[in-house]
Every structure is written in structure tokens, then in C-alpha cells.
There are 2 protein chains.
Amino acid sequence: MTTQPVDVEPAVESARRQKTRERLMDAAFDVFAEQGVHAASIEAVTERAGFTRGAFYSNFASKEELFFALAERENGVRLDRLQEGIDIIFPTLATPVESLDIEAVAEIVDRFMLLQPNDRHWCIVESEFRTLALRSPEVAARYIDYETRIDTRLARLLEEAVGTVGLRFTIDSLQATRIITTLAQQATYDAILAGPDVATDDLARANARRVLPAVLLGLTEPVA
Amino acid sequence: MTTQPVDVEPAVESARRQKTRERLMDAAFDVFAEQGVHAASIEAVTERAGFTRGAFYSNFASKEELFFALAERENGVRLDRLQEGIDIIFPTLATPVESLDIEAVAEIVDRFMLLQPNDRHWCIVESEFRTLALRSPEVAARYIDYETRIDTRLARLLEEAVGTVGLRFTIDSLQATRIITTLAQQATYDAILAGPDVATDDLARANARRVLPAVLLGLTEPVA
DNA sequence: TGTATCGAATACATTCGTGTATTGGATACG
DNA sequence: CGTATCCAATACACGAATGTATTCGATACA
């Protein structure tokens with residue numbers, strides 16, 4: 001028996017391959033957002049990316065796999081952004097606020113909304129992601145995983161942020177965070193639903209600023 | 001010139017026709033929930049209803065029309081249920097609560113969750129409805145319309161409900177209502193996402209009971 | 001420069017859904 | 001009864017998307 005040359009796949013994918021995958025994900029991001037994951041044909045995605053279907057089939061096993069790769073990537077981007085956020089939010093907040101009024105809280109909210117510019121496309125894709133998750137336990141597992149990673153990190157940030165203005169949560173901070181993110185998301189939805197003519201990001205922030213401070217105040221108390 | 005027999009369509013559709021439409025909507029409800037509006041073929045819907053595609057094409061112009069007819073119907077059902085809710089919620093609540101603590105508020109929350117048993121199917125279809133609305137201004141218009149009708153009525157109910165336990169909202173009651181419904185919906189999503197093995201409705205209520213009272217209290221104050 | 005390999009393009013067969021045009025059977029009505 | 005009407009069933013033609021099997025070209029490497 002001779003030593004058999006094992007078909008080991010290269011530890012690191014060729015640069016070319018990786019680039020193609022990225023371009024396909026970029027295209028998929030747009031097309032999925034515009035047409036929906038199911039409605040989007042593989043051809044539409046590859047065409048948008050400047051390829052033919054051949055490129056897709058030699059890089060992904062299925063549309064599902066492409067979708068999850070995309071979700072994974074985008075979630076990573078947002079996790080990273082959150083990490084950077086630490087450096088952005090706190091230096092300025094640290095200047096202690098005088099009165100613990102609603103304005104101080106509104107300021108926090110505003111920072112966080114700026115930190116997560118929930119670009120239209122991601123918001124739509126994520127919304128579909130959740131809908132798909134409601135239908136399929138497998139999808140749900142991934143959805144929950146992503147959401148948990150984000151919210152866990154965000155919870156630490158938020159806890160610290162309210163602390164710097166002299167407040168603390170009256171309920172579990174992860175709970176509180178999930179309430180906040182849910183409402184922030186809703187604010188973004190409302191902005192998108194308002195139509196394509198409005199400045200979505202600005203409106204989303206305005207919506208959030210109108211709703212969230214009251215809630216945040218309701219969920220916190222002055223630290224003794 | 002003789003009087004021409006005008007081809008006027010019967011003011012009231014034939015009973016047979018109406019029945020077929022209802023059965024198609026019933027089937028569509030299930031199939032849309034299970035597979036998604038786009039993934040669901042017309043054939044799948046008609047087959048589930050015990051028809052062939054001929055029945056569909058002689059009753060609806062498109063899948064979209066069927067979807068909107070379904071949404072209209074289901075929204076009506078839920079509006080009616082809300083109306084009845086008045087008689088269900090208040091008689092018992094009216095017995096004034098002694099202490100304005102979180103328990104009294106939790107009781108209100110529980111009543112409202114029972115009032116809107118957001119059955120799994122409707123919850124999923126509504127979630128997809130919203131996702132579709134994010135993509136299309138036409139769909140958005142309908143979505144907002146439905147949502148507004150529900151929330152407006154609900155706001156009146158809620159305002160009265162918190163009043164009966166000696167509270168009043170510190171922000172606009174419609175605003176507050178939308179916060180509550182958003183979080184209640186989230187509680188239901190979480191329950192569905194938990195998997196098919198759990199009692200969705202019970203878990204949804206438990207989730208809501210854990211989250212909503214704190215928020216509701218945060219948005220109200222004792223009436224002077 | 002020649003050759004091997006990798007990855008995208010292409011060609012093809014097949015499946016699936018759609019919509020229309022027509023038929024057939026039931027019900028209402030004279 | 002017989003006939004007209006209505007509505008769902010059926011048959012058919014078409015287009016769209018899929019996945020595979022193969023080819024072609026570029027890059028890497030001897």
C-alpha cells in the first residue's frame with residue numbers, strides 16, 4: 001500500500017476564490033434586500049456580481065449557504081462596529097452630566113443609534129431572516145445565535161453608558177437591552193415604512209429619540 | 001335602440017363563490033405561514049383547499065390579491081376581537097386594585113395577551129407582511145393602515161385599562177400603545193423561536209408578563 | 001516555455017409554476 | 001323538463017430557474 005495523496009483542501013482559500021465569494025455576497029446582499037431571499041434567483045445574484053451561475057455553483061452549495069455566509073459576515077461587521085463603539089461613545093460621555101434628566105439619556109440613545117446605522121438593506125434582510133426563523137428551527141438557531149452575540153455585547157456597553165450618567169437598570173441588563181434594541185429596530189422600520197423619499201437614517205434616529213429615552217428612564221433609577 | 005341588458009355583476013356574490021373564496025383564504029393562511037408568500041405556489045394553495053388552480057383563477061386576479069384579501073379578513077377578525085375585549089377586560093378589572101404595584105399592571109398585561117392570542121400562523125404571516133412592506137411602498141401603505149386601525153382602538157382600551165387601576169400615561173397614549181404592542185409581539189416571536197415543542201401561547205404570555213409590566217409602569221404615573 | 005491546476009463560463013436537460021382557453025357539470029330559473 | 005348561467009376542472013403552451021456535465025482560459029509552477 002503506497003502513501004495516498006490525500007485530497008486535502010487548501011487551508012486558506014485562494015485569494016481569487018475568496019474575492020469571488022465576497023463579490024457574490026455583496027451582490028446577494030442587494031438582491032436579497034430588494035427581492036427577498038426566495039424570490040431572488042441565483043442568476044440574478046450572479047449577474048449583479050458580474051458573473052454567471054457557474055461562479056455560484058463552484059463557490060456555494062446552495063442559496064441557503066450563501067445566505068448564511070452573508071449573515072455571518074454582516075453580523076461580524078456589526079459586532080466589530082460595536083467594539084469600536086466603546087472608544088467612540090465613552091470618551092465624550094464621560095464628561096459627567098449635571099442633571100439626570102431625559103436629555104442625558106437621549107444623548108446616550110443618539111450615540112447608540114449613530115453607532116448602528118442600520119442601513120436599509122441590512123434592516124430588510126434581517127427582518128426576512130427573522131421571518132424565516134419563525135418558520136424553521138434550524139434558521140431560528142442561527143438567528144438567535146447572532147442576536148445573542150450582539151445583545152450580549154451591547155448590554156455591557158449600555159450598562160456602562162447609563163452608569164456614566166449616574167443611572168442603573170432596575171431590571172436585568174440583558175432584558176433591558178433587548179427591550180431597547182427591539183424598540184430601536186421598530187423605530188428604524190417606521191422610518192423605512194415612511195417611504196423612499198425620506199432620509200431613513202435621520203428619521204430612524206428621530207423616532208428613536210422620541211421613544212427610547214422615556215423607556216430607558218423607566219427602566220433605570222439613579223444610583224444611590 | 002333597445003334597453004341593453006347591462007352585464008352588472010351581482011351586488012352580492014353568489015354563496016358558492018364566497019365559500020370558495022373563504023376556503024382558498026383558509027388554505028392560503030396555512031400555506032403562506034408554512035412556506036412564505038412567494039415560495040407558496042398557487043397550486044399548493046388550491047390543492048390544500050381541495051380545488052384545482054381553476055378555482056383560484058376564477059376568484060382572484062393574482063396571488064397578491066389573495067394575500068391582501070386574507071390580510072383584510074384576518075385584520076377584521078382581530079379588530080372584532082378587540083371590540084369584544086372591552087366587555088371581557090373591564091368588568092373584572094373594575095374591581096379597584098388596592099396597591100398600584102407591578103402586580104396590578106401585570107394583570108392588565110395578562111388580560112391583553114389573552115385577548116390577542118397571536119396564533120402562530122398569523123404571527124408568521126404578519127411578520128412576512130411587514131418584511132414585504134419594507135420593500136414596497138404599496139404594501140407598506142396597507143400594512144400601516146391595518147396596524148393603525150388596530151393600535152388606535154387598542155390605545156383607547158389601554159388608556160382606560162390603566163385608568164381603572166389608578167394610572168395614566170406620561171406620554172401620548174398611542175405612542176405608548178405602539179411600544180407595548182411592539183414588545184408584546186417580540187415576546188410572541190421569542191416564544192415561537194423557542195421551538196415547536198413548547199406551548200407557544202403560554203410562553204408568549206410568560207415572556208410578556210416578564211417584560212411589559214416594568215415598561216408599562218415606566219410609562220405611567222399615579223393619577224393625582 | 002510548457003504543463004498542470006483551479007475556477008468560472010457554457011451548454012443542456014429537466015422540473016416547476018404560470019396563465020389562458022376550453023370544457024364539463026351543477027344549479028337556478030323559465 | 002329544458003335551457004341558460006355560472007364556476008370550477010382540464011388541457012396546453014410557455015417561460016423561468018435549477019443543477020450538472022463539460023469546456024475553456026488564466027494563473028502558478030517546474
Side-chain angles (χ1 to χ4, degrees), chain A residues 4-70 128 132, chain B residues 2-70 128 132:
Chain A
Q4 288 214 328
V6 187
D7 240 352
V8 62
E9 55 189 31
V12 56
E13 291 184 319
S14 84
R16 182 189 180 192
R17 197 178 177 76
Q18 185 54 31
K19 254 187 131 175
T20 303
R21 284 177 63 96
E22 291 294 333
R23 278 174 60 191
L24 283 173
M25 283 190 261
D26 291 342
F29 197 5
D30 292 346
V31 177
F32 287 171
E34 286 166 17
Q35 314 187 14
V37 174
H38 192 276
S41 70
I42 289 170
E43 178 129 43
V45 171
T46 54
E47 190 182 0
R48 175 82 59 117
F51 292 110
T52 64
R53 279 182 308 133
F56 171 81
Y57 283 108
S58 79
N59 276 286
F60 296 95
S62 64
K63 195 160 66 172
E64 228 194 15
E65 191 187 304
L66 169 59
F67 177 75
F68 286 136
L70 171 64
E128 183 163 20
L132 295 173
Chain B
T2 65
T3 55
Q4 288 213 329
V6 188
D7 240 353
V8 61
E9 55 188 33
V12 55
E13 290 183 320
S14 84
R16 181 190 180 190
R17 197 178 177 77
Q18 186 54 31
K19 255 189 129 175
T20 302
R21 284 177 63 97
E22 291 293 334
R23 279 175 59 192
L24 284 173
M25 283 190 261
D26 291 343
F29 197 6
D30 292 346
V31 176
F32 286 171
E34 286 167 16
Q35 315 188 13
V37 175
H38 192 276
S41 70
I42 289 169
E43 178 129 42
V45 172
T46 54
E47 191 182 359
R48 175 83 57 118
F51 291 111
T52 65
R53 279 183 307 134
F56 171 81
Y57 284 108
S58 79
N59 276 288
F60 297 94
S62 64
K63 195 159 66 173
E64 228 195 15
E65 192 187 303
L66 170 58
F67 177 74
F68 286 136
L70 171 64
E128 182 163 24
L132 295 173

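Chain naming here is simple, since letters A, B, ... match the order of the sequence lines and numbering starts at 1 in each.
For the pair B/Lys19 NZ and D/dA8 C1', the computed distance is 15 Å after rounding to whole Å. The interatomic distance linking A/Arg17 (CZ) with D/dA28 (P) rounds to 16 Å, in whole Å. For the pair A/Leu24 CG and C/dG7 P, the computed distance is 13 Å after rounding to whole Å. With rounding to whole Å, B/Arg21 atom CZ is found 11 Å from D/dA8 atom P. Spacing between atom CD of A/Glu22 and atom P of C/dA8 amounts to 13 Å, rounded to whole angstrom units. The separation between A/Leu66 atom CG and D/dA17 atom P is 16 Å, rounded to whole Å. Atom C1' of nucleotide C/dT18 and atom CD of B/Glu64 are separated by 16 Å, given to the nearest angstrom. In this entry the distance linking CZ of A/Phe56 with P of D/dA17 reads 14 Å, nearest Å.
Of the residues near DNA chain C, A/Arg53 and A/Ser58, the one whose nearest nucleotide (by heavy atom distance) lies more toward the 5' end is A/Ser58. Comparing A/Ser62 and B/Gly54 by the nucleotide of DNA chain D whose heavy atom lies nearest to each, the residue mapping closer to the 5' end is B/Gly54.
In the set C/dA8, D/dA8, D/dT18, D/dT18 carries the atom at the smallest distance from any side-chain atom of A/Ile42. You'll find that the side chain of A/Tyr57 is closest to D/dG19, out of C/dT18, C/dA8, D/dG19. With distances taken from any side-chain atom of A/Arg16 to the nucleotides C/dT10, D/dG19, C/dG7, the minimum falls on C/dG7. The nucleotide whose nearest atom lies closest to any side-chain atom of A/Ser14 is, among D/dG19, C/dG19, C/dG7, C/dG7.
Nucleic acid contact for B/Phe51: sugar-phosphate only, since backbone atoms but no base atoms lie under 4.0 Å from a heavy atom of the residue. Residue contacts shown for A/Thr52 include a base, since a base heavy atom lies under 4.0 Å away.
OP1 or OP2 of D/dA16 has not a single side-chain nitrogen or oxygen of A/Ser41 nearer than 4.0 Å. Here B/Asn59 reaches the OP1 or OP2 of D/dA8: one of its side-chain N or O atoms lies under 4.0 Å away. Taking side-chain N and O atoms only, A/Thr20 has no distance below 4.0 Å to OP1 or OP2 of C/dG7.
Taking each heavy atom of A/Leu70 and A/Met25 in turn, the nearest pair found is CD1-O, 3.7 Å. Between A/Ala49 and A/Arg23 the shortest heavy-atom distance is O-NH2, 2.6 Å. What you find for A/Glu34 and A/Arg48 is that their closest heavy atoms are OE1-NH2, 2.9 Å.
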Next on the checklist: Walk me through whether A/Val45 and A/Phe56 qualify under side chain to side chain contact (heavy atoms under 4.5 Å, CB included).
Outcome noted: CA-CA 9 Å; A/Val45 171; A/Phe56 171 81; 5.8 Å; no
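Within a 6.0 Å sphere centred on CD of A/Glu64, other residues, nucleotides and ligands contribute 12 heavy atoms or fewer.
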